[in-house]
Each structure stands twice: as structure tokens, then as C-alpha cells.
Amino acid sequence: MLARCDVAVVGAGPAGAWAAYTLARRGARVTIFDPSHPREKPCGGGVTGRALALVGEAIDGARFPQSVIRSARFVDSRSGGTAVVTLDPGNRGSESSLIVASRAVFDAALLDAARRAGATVSSSRVTDVTVDVDGARIDTAGGSHRANVVIGADGANSLVRRRVVQPFPRRLLSIATGFFAHGATSDEVVIELVADPAGYLWSFPRPDHLAIGICAQADAGLTPSTLRERALEWIGRTHLADAARLEPYSWPIPSLDSQAFATLDLASDRWALAGDAAGLVDPITREGIFFALLSGQWAAEAVADGRFPRDYTARVRDEIAPDLACAARFKAGFFRPAFMRLLVHALQRSAAVREILVDLVAGRQPYKTLKWRLLKTLELRLAWKVLARSG
Ligand SMILES: Cc1cc2nc3c(=O)[nH]c(=O)nc-3n(C[C@H](O)[C@H](O)[C@H](O)COP(=O)(O)OP(=O)(O)OC[C@H]3O[C@@H](n4cnc5c(N)ncnc54)[C@H](O)[C@@H]3O)c2cc1C
């Protein structure tokens with residue numbers, strides 16, 4: 001006889017753990033599968049104020065080890081121009097901060113909350129998923145399970161996604177490569193804007209190490225080892241992590257284009273995809289934790305309220321996808337050398353532009369109104385023209 005539950009959640013990252021928490025709180029019998037904990041996930045670990053606010057009822061954001069980010073340093077690699085932007089934590093209450101946490105710590109806190117709410121946690125890897133009209137069968141090395149609905153929250157390489165639709169093609173993925181620099185830390189995020197590959201190098205400080213990385217579209221023709229060389233060269237040049245022990249990582253990030261955001265594969269009668277498995281990552285900032293939490297919560301609420309899959313797909317399509325599609329349209333222009341130079345220049349001179357960027361980093365500035373806010377600043381009216389020309 002197969003073990004049976006109402007909902008099976010595959011993957012206990014932010015999307016899965018938060019979906020399991022939400023379901024368990026509403027009285028559903030939910031089992032969440034993930035063999036990886038405790039583990040670090042390749043990630044900057046930047047958690048925005050809006051993400052912390054979403055999970056505030058379950059985990060005390062102030063109690064786990066974290067670095068509260070006081071400033072972000074933006075560097076234009078071509079001109080060498082630098083601007084330091086104060087993030088001013090505490091200025092706007094719970095929505096204020098960008099904190100950086102180890103994903104081992106943050107994800108464990110979420111999974112713990114799900115367990116305390118009543119979810120069953122299985123440390124088995126899911127080896128296969130089959131969906132039929134009556135529900136889903138979940139196979140693990142330890143046995144098989146049946147559920148009325150399966151939520152695929154198993155990340156960018158999602159097995160559930162591969163079984164119910166198809167994997168992301170390479171052109172919709174980027175590869176992030178870099179190092180955890182153990183023994184170095186800071187309270188400043190550093191972002192160096194680079195034209196080739198179009199994007200940026202970053203250093204995100206956690207309490208006892210830095211997460212340093214670089215990212216490129218998977219079909220850009222750059223191998224992880226080439227990208228790692230770039231990150232190493234940067235570490236040497238900036239002295240960000242002198243004497244630190246460098247632990248390498250490499251991981252895919254969904255980086256959808258606007259067309260893909262308009263045609264997301266989200267759910268059918270017996271399955272849903274959430275977080276990275278659904279492709280819900282900001283293609284410019286690469287913020288994914290907030291969208292993972294939100295989509296996990298919305299999938300769970302739709303199931304618990306008996307309005308699945310309709311409510312889930314409608315909410316993601318109406319409230320998340322349009323703004324991410326807008327970001328995808330801006331992306332090429334954003335990383336053009338001319339725009340990056342003007343942006344850093346404007347950040348040096350204008351408090352209004354710094355304020356806009358702080359809001360963008362903290363997730364408070366939607367892309368759909370970014371244009372109008374930038375156009376109101378004299379400094380960036382010109383930059384917007386550069387951006388619009390490439391959009
Ligand atoms: C280098 C890098 C830097 C990033 N920086 C940031 C940042 O600073 N801020 C931010 O918001 N986002 C960042 N992101 C994006 C962010 O990491 C993801 O968007 C986020 O983790 C998505 O959460 P998730 O729950 O959907 O998936 P994941 O966090 O990937 O969790 C998926 C889980 O599924 C489990 N799993 C996979 N397959 C199976 C299986 N077969 N059976 C059982 N379990 C399985 C895995 O073990 C994992 O625990 C970054 C990403 C990368 C790669």
C-alpha cells in the first residue's frame with residue numbers, strides 16, 4: 001500500500017518549505033521531500049525586506065545569523081567610476097533592509113517552521129513523479145507515495161518540471177559561478193557592472209564569509225571555468241577576500257525572456273511548479289527568494305482553499321509575471337556600457353537616483369513604474385533614452 005497525503009512538495013528551498021508551512025497551517029496533510037539539508041545553496045543570500053516581511057509570522061528575521069547591509073558600492077568596470085549608496089536599514093521599518101544570510105541557515109529556519117506547523121519532512125530524494133487524473137505518484141529510494149496534488153519546488157533543474165512539462169532550454173538559463181570566501185566579511189555589497197558578459201560581478205557579505213560571483217546567459221558561449229577565472233581575477237584586483245579560503249560553486253539560474261514570462265507553465269489539475277522550477281526570478285537583479293516564497297504560498301493557498309489551479313495561475317500571471325517580463329525587456333539595455341556609465345555617474349551626483357536604486361535593490365520599485373521615476377530625475381532622463389533605444 002502506498003503512503004498517502006493531500007499534497008506532496010518536492011524540494012525544501014524557500015518555495016517548497018513555505019508552501020508546506022502554508023498548507024500545514026491550514027490543516028492539509030503535507031509531506032515535503034528533500035535529502036539535502038543541512039546544506040548551503042549556491043546563492044548570494046540577499047533577502048529583501050519584502051521577502052522577510054512575507055515570512056515574518058513564522059521566522060524571526062532578526063534572530064538568525066545575518067549581515068545587515070548598510071551600503072552598496074557600484075563600480076563601472078570600463079570607466080572605473082564608483083558610487084556608494086547607503087541602504088539605510090531601519091529607516092522604513094520592516095520593509096527597509098536587505099540582509100544577507102547563509103542559505104543553510106535561512107532555509108533551515110523555513111523548513112523548521114513547516115515541521116512545527118505539522119508538515120511531514122522526508123529526507124528522501126524523489127526519483128520519479130507520475131501524474132494521472134486521480135493525483136500524483138512520488139517515487140523515492142525508500143518507497144512510493146500518492147498525493148492529490150504535487151508541488152514541484154525543486155529548483156532550476158526541477159525533476160517535476162521535466163516530468164510534467166519540459167526543462168528550461170539553455171537560452172532561458174544563466175550560469176552563476178563564483179566562490180564562498182571563508183574568513184572574509186563586510187557590511188557592504190559590492191557590484192561591478194561589466195559589459196562582457198553583460199551583467200555584473202558581486203560580493204554579498206554573510207557573517208563569516210563572502211558570497212562572490214558572476215553570471216552569464218548559459219548560451220553566451222562562456223564556460224563555468226572561464227567565468228570562475230573572471231571572478232578570481234576580480235578577487236585579486238579588489239582585495240575583497242585576501243587570505244580567505246575560497247570554495248568554488250556553479251549553479252543555474254532561470255533567466256526567462258518576456259515571451260517566456262507571458263507563457264509560463266505553472267499548474268494543471270494535479271501539479272504546480274513554484275519558485276525556480278517555474279522560472280520566477282528577476283532577470284536583472286536575479287532576486288529569486290521572494291518570488292519562490294510568494295509563489296509557494298499562493299500555490300498552497302489555492303490548494304487549501306479549493307481554488308486550485310485557477311487562483312494560483314491567475315495570481316502569478318497577473319501579479320508577478322508582467323513586472324518580470326518588463327525586467328526582461330529592459331535587461332539588454334540595462335547592461336549596455338553607455339547606460340552603466342551614466343547610471344554610476346548619476347548615482348554619484350543625485351540623491352533621487354540613489355533612492356530609486358535602493359528601492360530597486362530592496363524590491364520596492366516595480367519595473368513598470370521605473371521608467372517614469374527615472375524620467376523625473378534630470379540625471380537619468382538621458383540614460384533612459386539609452387535604455388529605450390536597446391529595448
Ligand atoms: C549564485 C546565485 C546567486 C543568487 N543570489 C540571490 C540573492 O542574493 N537573492 C535572491 O533572492 N536570489 C538569489 N538567487 C536566486 C535564488 O537562489 C533562487 O531563486 C531560490 O533559491 C529559489 O528557491 P526555490 O525554493 O525555488 O529553489 P531552491 O532554493 O533551488 O531549492 C530547491 C530544493 O529542491 C531540492 N531538490 C532538488 N531536486 C530534488 C529531488 N529530486 N528530490 C527532492 N528534493 C530535490 C534541492 O535539494 C533544494 O533544496 C541566486 C542564485 C544563484 C545561483
Side-chain angles (χ1 to χ4, degrees), residues 9 11-22 32 34 36-37 39-62 64-69 72 87 89 94-114 151-158 174 176 178 180 189 191 202 204-206 211 213 215 249 251-256 273-300 316 319-320 323-324 327 360-366:
V9 179
W18 196 238
Y21 169 86
T22 307
I32 180 165
D34 196 325
S36 68
H37 291 269
R39 57 99 175 93
E40 190 52 80
K41 176 193 181 282
C43 183
V47 184
T48 55
R50 61 178 172 172
L52 276 182
L54 201 59
V55 296
E57 68 177 49
I59 62 172
D60 182 349
F64 54 82
Q66 60 191 260
S67 298
V68 177
I69 302 306
L87 295 188
S94 63
E95 290 263 315
S96 67
S97 51
L98 173 71
I99 63 126
V100 180
S102 147
R103 288 290 301 275
V105 170
F106 183 70
D107 291 18
L110 288 171
L111 187 57
D112 237 41
I151 297 180
D154 45 347
N157 294 322
S158 170
S174 45
F180 297 118
V189 160
I191 291 173
W202 68 83
F204 272 44
R206 284 109 175 253
C215 194
Y249 67 77
W251 203 256
I253 309 180
S255 299
L256 274 50
L273 299 173
D276 276 17
L280 301 175
V281 181
D282 180 324
I284 292 179
T285 63
R286 262 92 186 197
E287 180 183 17
I289 294 171
F290 170 70
F291 299 107
L293 294 168
L294 194 59
S295 58
Q297 177 177 321
W298 286 351
V316 174
E319 296 175 47
I320 296 180
D323 210 49
L324 294 184
L360 195 65
V361 168
R364 290 188 292 258
Q365 172 59 56

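For the numbers below, each heavy atom of this structure counts, side chains included, while hydrogens, waters and symmetry mates do not. One-based numbering along the sequence shown. Here the structure is a predicted model, which means the values were calculated and not measured.
Between V281 and S255 there is no side-chain heavy-atom pair separated by less than 4.5 Å. Looking only at side-chain heavy atoms (C-beta outward), W202 and C215 come within less than 4.5 Å of each other. You'll find the side chain of L110 reaches within 4.5 Å of the side chain of L293, heavy atoms only. Looking only at side-chain heavy atoms (C-beta outward), L324 and D282 come within less than 4.5 Å of each other. Between V189 and P205, the closest side-chain pair of non-hydrogen atoms falls below 4.5 Å.
Shown here for A300 and A19, the closest heavy-atom pair between the two residues is CB-O, 3.5 Å. Of all heavy-atom pairs spanning A278 and L256, the tightest one is O-CD2, 4.3 Å. Closest non-hydrogen pair, I253 versus A176, comes out as CD1-CB, 3.9 Å. Counting all heavy atoms, side chain and backbone alike, A277 lies closest to D154 at CB-OD1, 4.0 Å. Closest approach of F180 to P42, counting heavy atoms only: CZ-CA, 4.0 Å. The shortest non-hydrogen separation linking E40 to R103 is OE2-N, 2.8 Å.
For F106, the ring-ring contact (aromatic ring centres under 6.0 Å, His included) partners at least two apart in sequence or on another chain are F64.
From I69, atom CD1 reaches atom CZ of F204 across 7.5 Å, with rounding to the nearest 0.5 Å. For the atom pair CD1 of I289 and CG of L294, the computed distance is 13.5 Å after rounding to the nearest 0.5 Å. Here the straight-line distance linking atom NZ of K41 with atom OG of S102 works out to 12.0 Å at 0.5 Å rounding. L280 contributes atom CG, which lies 11.0 Å from atom CZ of F290 (distance to the nearest 0.5 angstrom).
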For residues 52-61, please give each side-chain donor-acceptor pair under 3.5 Å, one per line with the distance, not counting sequence neighbours.
| unit_1 | atom_1 | unit_2 | atom_2 | d |
| --- | --- | --- | --- | --- |
| E57 | OE2 | Y21 | OH | 2.8 |
| D60 | OD1 | A62 | N | 3.0 |

field: Chi angles and distances behind the side-chain contact (heavy atoms from CB on, under 4.5 Å) call for R39, D107
entry: CA-CA 9 Å; R39 57 99 175 93; D107 291 18; 2.9 Å; yes
